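Remarks on the structure that follows.
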Amino acid sequence: MSAFKILLADDELALRFLLTETLSDEGYVITEVEDGQLAIDQLNKETYDLIILDYMMPERTGVEVCAWLRQSDNVNRDLPVILLTAKALEKDKEKAKAAGVTTYIVKPFSPLQLLDTVGQLLQR
């Protein structure tokens with residue numbers, strides 16, 4: 001079986017590095033981008049198994065990327081989307097859910113928590 005491909009979009013270099021290392025060690029193939037528009041560009045180029053988006057990014061937020069994806073005819077449209085965020089307010093969670101986010105992980109979080117979530121979503 002081929003490795004699962006994950007698109008990781010986060011503007012924080014240190015966090016992208018940590019998550020890429022953690023996920024790569026488990027055999028996932030990671031594509032990193034640093035803003036929401038680059039995430040959209042990448043989703044138009046390649047097929048993935050899962051998407052991880054930061055809420056607050058330059059160009060487009062993770063919620064905007066997810067809303068675009070769910071409304072598009074993109075091949076990745078129905079993939080699970082994990083939103084990473086420091087925004088823990090209920091209104092932010094509702095906005096994310098309305099955009100089609102699958103799972104919401106509040107920062108700070110453990111990389112192991114993310115691994116568990118990724119594993120569960122990919123087993124569906």
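Treat the numbers as computed from the prediction; the structure is a model and nothing was measured.
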Validation row: N76, T47 side chains within 4.5 angstrom (heavy atoms)
yes
- Under 4.5 Å between any side-chain heavy atoms of V118 and F4, yes or no? no
Are any non-hydrogen side-chain atoms of I105 and L83 less than 4.5 angstrom apart?
no
Next on the checklist: I'd like to check L115 versus E26 (side-chain heavy atoms, cut-off strictly below 4.5 Å). Are they in contact?
Outcome noted: yes
Just checking K5: does its NZ atom have more than 12 heavy atoms from other residues, nucleotides or ligands closer to it than 6.0 angstrom? yes
Correct closest heavy-atom pair for D49 and P80 would be O-CD, 3.6 Å
- Decide yes or no on side-chain hydrogen bond (donor to acceptor under 3.5 Å, both in side chains) for D41 and Q37, but give the supporting numbers first. CA-CA 6 Å; D41 295 347; Q37 186 57 53; 3.0 Å; yes
query = Between D10 and K107, does at least one N-O distance fall below 4.0 Å, as a salt bridge requires?
reply = yes
Does some side-chain heavy atom of F109 sit less than 4.5 Å from a side-chain heavy atom of L114? yes
Between L79 and Y48 the two heavy atoms that sit nearest each other are CD1-O, 3.1 Å
Hey, does E12 have a side-chain heavy atom less than 4.5 Å from the side chain of D54?
no
Q: Taking the side chain as every heavy atom from C-beta outward, state whether I52 and L7 have any pair of such atoms under 4.5 Å apart.
A: no
Quiz item: I6, L53: one ILVMFWY side-chain cluster at the under-4.5 Å cut-off?
Solution: no
On a heavy-atom basis, the closest approach of V65 and L43 is CG1-CD1, 4.2 Å
Is there a chain of hydrophobic side chains (I, L, V, M, F, W, Y, each step under 4.5 Å between heavy atoms) that links L15 to V33? no
L84 side chain reached by L19 side chain, heavy atoms, under 4.5 Å = yes
